[in-house]
Amino acid sequence: MFVACFEESIVGGRRVEQEEAHRRALSTLATLPGFQGGALLHFRGQPYRYRFETRWTSRDDWQRFADSDDFLAFRQALDANLSAPFVTELFDVKVEG
């Protein structure tokens, strides 16, 4: 398994819009080969900080998405509510339970 995470700082007052953008993104991602699921996490105590975690069957599946026009549309929809560009972190899963 492969995990791609996106650290997000959103514009004040845009939480509802950003959460809805992620719902739409998850619907789109669910149609892509290798996508296994995702979750939007909200950091307690920091109202405008989020992490979006996505799980993929393999790094190759993730890379196909990252190199596609779908990724550009994904970024554009989420960037509209961000106060700074999101930071991407990529992880190979070594142990899973």
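Remember, it's a predicted structure, so these values are computed and weren't measured experimentally.
- Note that the CG atom of Asn81 and the OG atom of Ser9 stand 12.5 Å from one another [nearest 0.5 Å].
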Show the numbers, then the answer: is there a side-chain contact (heavy atoms from CB on, under 4.5 Å) between Tyr48 and Arg15? CA-CA 7 Å; Tyr48 304 115; Arg15 288 172 43 178; 4.1 Å; yes
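- How far CZ of Phe74 is from CZ of Arg24: 12.5 Å, rounded to the nearest 0.5 Å.
- With values rounded to the nearest 0.5 angstrom, Phe52 atom CZ is found 9.5 Å from Leu41 atom CG.
- In this structure, Phe65 has its ring center closer than 6.0 angstrom to the ring center of Trp56.
- Atom-to-atom distance recorded for His22:NE2 and Tyr50:OH is 9.0 Å, nearest 0.5 angstrom.
- Ile10 approaches Leu82 most closely through the heavy-atom pair CG2-CD2, 3.7 Å.
- Surrounding CG of Asp69 are at most 12 heavy atoms belonging to other residues, nucleotides or ligands under 6.0 Å away.
- Interatomic distance, CH2 of Trp62 versus CZ of Phe91, reported as 12.0 Å (0.5 Å rounding).
- Residue Phe2 forms a side chain to side chain contact (heavy atoms under 4.5 Å, CB included) with just one option from Thr57, Asp61, Leu90, Asp60, and that option is Leu90.
- With sequence neighbours left out, the side-chain hydrogen bond (donor to acceptor under 3.5 Å, both in side chains) criterion links Glu17 to no other residue.
- Here the closest heavy-atom approach between residue Ala21 and residue Leu78 is recorded as CB-CD2, 3.8 Å.
- Cluster annotation: Val3 and Leu29 are assigned to distinct hydrophobic clusters (Ile/Leu/Val/Met/Phe/Trp/Tyr, side-chain heavy-atom contacts under 4.5 Å, transitive).
- Transitive grouping of hydrophobic side chains (ILVMFWY, heavy atoms separated by less than 4.5 Å) brings Phe71 and Leu26 into a common cluster.
- Of the possible polar contacts, one joining the Thr54 side chain to the Ala4 backbone as a donor-acceptor pair under 3.5 Å is found.
- The two atoms that bring Glu53 and Cys5 nearest to each other are CG-SG, 3.5 Å, heavy atoms only.
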I'd like to know whether Gln63 forms a side-chain contact (heavy atoms from CB on, under 4.5 Å) with Asp67, so could you lay out the CA-CA distance, the side-chain angles of the two residues, the decisive distance to 0.1 Å, and finally the verdict. CA-CA 6 Å; Gln63 198 61 55; Asp67 292 339; 3.1 Å; yes
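- Separation of atoms CZ (Arg23) and OG1 (Thr28) is listed at 14.0 Å; rounding is to 0.5 Å.
- Geometric assessment of Arg51 against the ring of Phe6 yields a negative cation-pi assignment under the 6.0 Å and 45° thresholds.
- Side chain of Thr31 to backbone of Ser27: no donor-acceptor contact under 3.5 angstrom is found.
- One N or O on the side chain of His42 and one on the backbone of Pro47 form a donor-acceptor pair closer than 3.5 Å.
- At a threshold of 4.5 Å between non-hydrogen side-chain atoms, the residues Arg55 and Phe35 do not count as touching.
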